[in-house]
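Data block below; observations after.
Note that these values count all heavy atoms, side chains included, but never hydrogens, waters or copies made by symmetry. Residue indices begin at 1 and follow the sequence shown.
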Amino acid sequence: MTIRLYDTSARQTRDFSPLTPGCVSIYLCGATVQAAPHIGHIRSGLNFDIMRRWFTYRGYDVTFIRNVTDIDDKIIKKSAEQGRPWWSIGYENERAFNDGYAALGCLPPTYEPRATGHVTEMVEMMRGLIERGHAYEADGNVYFDVRSHPGYLELSNQDLDNLLQPSGEGETGKRDPRDFAMWKAAKPGEPSWETPWGRGRPGWHLECSAMAHKYLGSAFDIHGGGIDLIFPHHENEIAQAKAFGDDFATYWVHNHWVTMAGEKMSKSLGNSVLVSEMVKAWRPVVLRYYLGTPHYRSTIEYSEEALREAESAFARIEGFVQRVMEKAGGVVEPATEVPPAFAEAMDDDLGVPQALAIVHTTVRQGNSALAADDKDEAVARLAEVRAMLGVLGLDPLSEQWSGGGTERGEDLHGVVDTLVRLVLDQRQSARDRKDWAAADAIRDQLQQSGLVIEDSPSGPRWTLGSR
């Protein structure tokens, strides 16, 4: 068994070899909490949740760090626009992100550090870089000297002579325009912390270098994030960490975007779809299916038609699960191992689309067994399906999706089931008195409301249909 991952720094798929046998350390660049999350933000967390689950299935002890950037230019700008404290905006949106992760079934990280809680570590890193000649102070700012680090730009594969380094307001005193800010001098009315170089606040890139060092040490296995972070964020993280003396990350893994009309989903473009609104219109498990089943390195072009297709596909799986449980007379436990073809697909750079094809093939085999009245075969296939879906975080019988894991303690399925049963009883009464027109009218009305009614030997059952 060898897991292979596409490593952005090597520009190829590599065999995964952990620094510590049996252990995996992952650092994921998490939320910048200037606003509530859209589904593009949550996709990254979901993709790496699947990675984490697969490593765990393969027997690794996983340490998963997902940071929170709770201070940066965007948050300060929002604070000024809204007339609210920066920390109030940050905390409100941090909770919105965590609600979004939880709603879509992402496991909580091992640790979730906030940038503002690690200023001491940042100061220590800057002091070390200044002492080593890789950084310098100017006008209360601290800059990284990019020419001092020979490996700079190897991740993004750019030419230093043609580099355009993004710069913020007030970044004065640079020796070279390509140098980047690690620490920004305080401005009136802005949050600041005391340092040996005066009051100020951290630069975005420094935050992650310092937090990764604190929680994962000088070397760790995997650093992840969206492809938009490759430059400047991840490139600058590497420069700081390695110049400080860390080996830093062995593998760099990046997920692609969710787009609308071909453009990256973003708040600045006004084309974002907030998670808080999406979960009102779609079942969260369907959103997880939609966002988590394409390959993490492929673009997802958002459309309601694609969401409806995801809803229908998951409904087919749920229908199979329910039918086998009725046949078996109870819950069927997951198999101890996933089928070899599923494992092979997941080992190959987390090939979720290929793995999902095995799930649907197994569902079809199980349905054929049901049609042939082969209970044992149907139960065996369901056990495999549950094992595979568990790895993907999509098992319909898991606590997350069966009603026991709702954040608000509401099991609406039970409420709806009671109401639908009342209507189905009326339909059955019509059938008993051979009033077929009335029975068909009730069925049609239920279907128009989005429910699919299926008559079975044990009585009628209902499922949510496609929109």
task: Given salt bridge (Lys or Arg N to Asp or Glu O under 4.0 Å), test R297 with D7 step by step and report yes or no.
output: CA-CA 11 Å; R297 289 195 291 118; D7 180 8; over 6 Å; no
query: Just wondering, do N93 and I75 contact through their side chains at under 4.5 Å, heavy atoms?
result: no
- prompt: Any side-chain heavy atom of I238 sitting closer than 4.5 Å to one from E154?
  reply: no
field: Heavy-atom check, side chain of H295 versus side chain of D349, under 4.5 Å
entry: yes
message: When you compare the side chain of C208 with that of N67, does any pair of heavy atoms fall below 4.5 Å?
response: yes
message: Apply side chain to side chain donor-acceptor pair (under 3.5 Å) to residues T2 and D15 and explain how you reach the verdict.
response: CA-CA 6 Å; T2 301; D15 289 352; 5.2 Å; no
query: Sub-3.5 Å donor-acceptor pair from the side chain of R201 to the main-chain atoms of I71, do we have one?
result: no
message: With a 6.0 Å cut-off on the ring centroids, do F244 and H213 count as close?
response: yes
message: With a sphere of 6.0 Å drawn around CD of E305, does it hold more than 12 non-hydrogen atoms of other residues, nucleotides or ligands?
response: no
task: Might you confirm whether atom CH2 of W87 has over 12 heavy atoms from other residues, nucleotides or ligands at distances under 6.0 Å?
output: no
query: Is the side chain of Q240 donor-acceptor paired with the backbone N or O of M126 at a distance under 3.5 Å, no angle test?
result: no
task: Drop me the distance from I230's CD1 to S156's OG, to the nearest 0.5 angstrom.
output: 8.0 Å
message: Checking the side chain of S9 only, and the main-chain atoms of W252 only, is there a donor and an acceptor separated by less than 3.5 Å?
response: no
Side-chain touch D49/Y101, heavy atoms, less than 4.5 angstrom: no
message: A quick test of your reading: do over 12 heavy atoms of other residues, nucleotides or ligands sit less than 6.0 Å from CZ of F231?
response: yes
- prompt: CZ of R95: more than 12 outside heavy atoms within 6.0 angstrom?
  reply: no
message: Between T56 and R53, do the side chains contain a donor N or O and an acceptor N or O under 3.5 Å apart?
response: no
- prompt: Hey, is the main chain of D179 close enough, under 3.5 Å, to the side chain of Q165 for a donor-acceptor pair?
  reply: no
message: Taking E237's backbone N and O only, do any of them form a donor-acceptor pair with S209's side chain (distance below 3.5 Å, no angle check)?
response: yes
message: Would you say T32 and D72 are linked by a side-chain donor-acceptor pair, where the criterion is simply a distance under 3.5 Å?
response: no
- request: Look at the rings of W193 and W183 and say which category their plane angle falls in: under 30° parallel, 30 to 60° tilted, over 60° perpendicular.
  value: perpendicular
message: I'd like to know whether the aromatic ring centres of Y302 and H38 sit less than 6.0 Å apart in this structure.
response: no
field: Verdict with supporting geometry, E190 and K184, salt bridge (Lys or Arg N to Asp or Glu O under 4.0 Å)
entry: CA-CA 11 Å; E190 290 189 352; K184 301 185 179 186; over 6 Å; no
- prompt: Would you say R199's side chain and S192's backbone share a donor-acceptor pair under 3.5 angstrom?
  reply: yes
field: Donor-acceptor contact present, side-chain R386 to main-chain V332, <3.5 Å
entry: yes
message: Show, in sequence, the C-alpha distance, side-chain angles and deciding distance for M122 and E207, and conclude whether the side-chain contact (heavy atoms from CB on, under 4.5 Å) test is met.
response: CA-CA 7 Å; M122 297 178 207; E207 297 172 349; 3.7 Å; yes
Within 6.0 angstrom of K174 NZ, more than 12 heavy atoms from elsewhere: yes
- prompt: Got a donor-acceptor contact below 3.5 angstrom from the Q34 side chain to the K74 backbone?
  reply: no
- prompt: Under the side-chain contact (heavy atoms from CB on, under 4.5 Å) criterion, do V352 and Y296 qualify, and how do the steps go?
  reply: CA-CA 8 Å; V352 175; Y296 73 90; over 6 Å; no
message: Students often mix this up, so state it plainly: with edges at 30° and 60°, are the rings of H223 and F220 parallel, tilted or perpendicular?
response: tilted
message: Between W197 and A185 (side chain of the first, backbone of the second, donor and acceptor by atom type, cut-off under 3.5 Å), is there such a pair?
response: no
Output side-chain donor-acceptor pairs under 3.5 Å for residues 16-30, partner residues at least two apart or in another chain, one line each.
unit_1	atom_1	unit_2	atom_2	d
S25	OG	D221	N	2.9
S25	OG	D221	OD2	3.2

message: Is the shortest side-chain heavy-atom distance between R14 and T250 below 4.5 Å?
response: yes
- line: Interatomic distance, CG@L129 vs CZ@F144, rounded to 0.5 Å, equals 6.0 Å
query: In terms of heavy-atom contacts, does CZ of R114 have more than 12 from other residues, nucleotides or ligands at under 6.0 Å?
result: no
task: Please assess V321 against L382 for the test side-chain contact (heavy atoms from CB on, under 4.5 Å), listing each intermediate value before the final yes or no.
output: CA-CA 7 Å; V321 172; L382 175 55; 3.7 Å; yes
query: Does some side-chain heavy atom of E112 sit less than 4.5 Å from a side-chain heavy atom of R66?
result: yes
query: Would the number of heavy atoms belonging to other residues, nucleotides or ligands and lying under 6.0 Å from CD of E337 be above 12?
result: no
field: CD (Q158) with more than 12 external heavy atoms under 6.0 Å
entry: yes
query: Distance-only, no hydrogens or angles: does the R52 side chain make a donor-acceptor pair with backbone N or O of N47 under 3.5 Å?
result: no
message: Classify the ring geometry of Y143 against Y136: parallel below 30°, tilted from 30° to 60°, perpendicular beyond 60°.
response: tilted
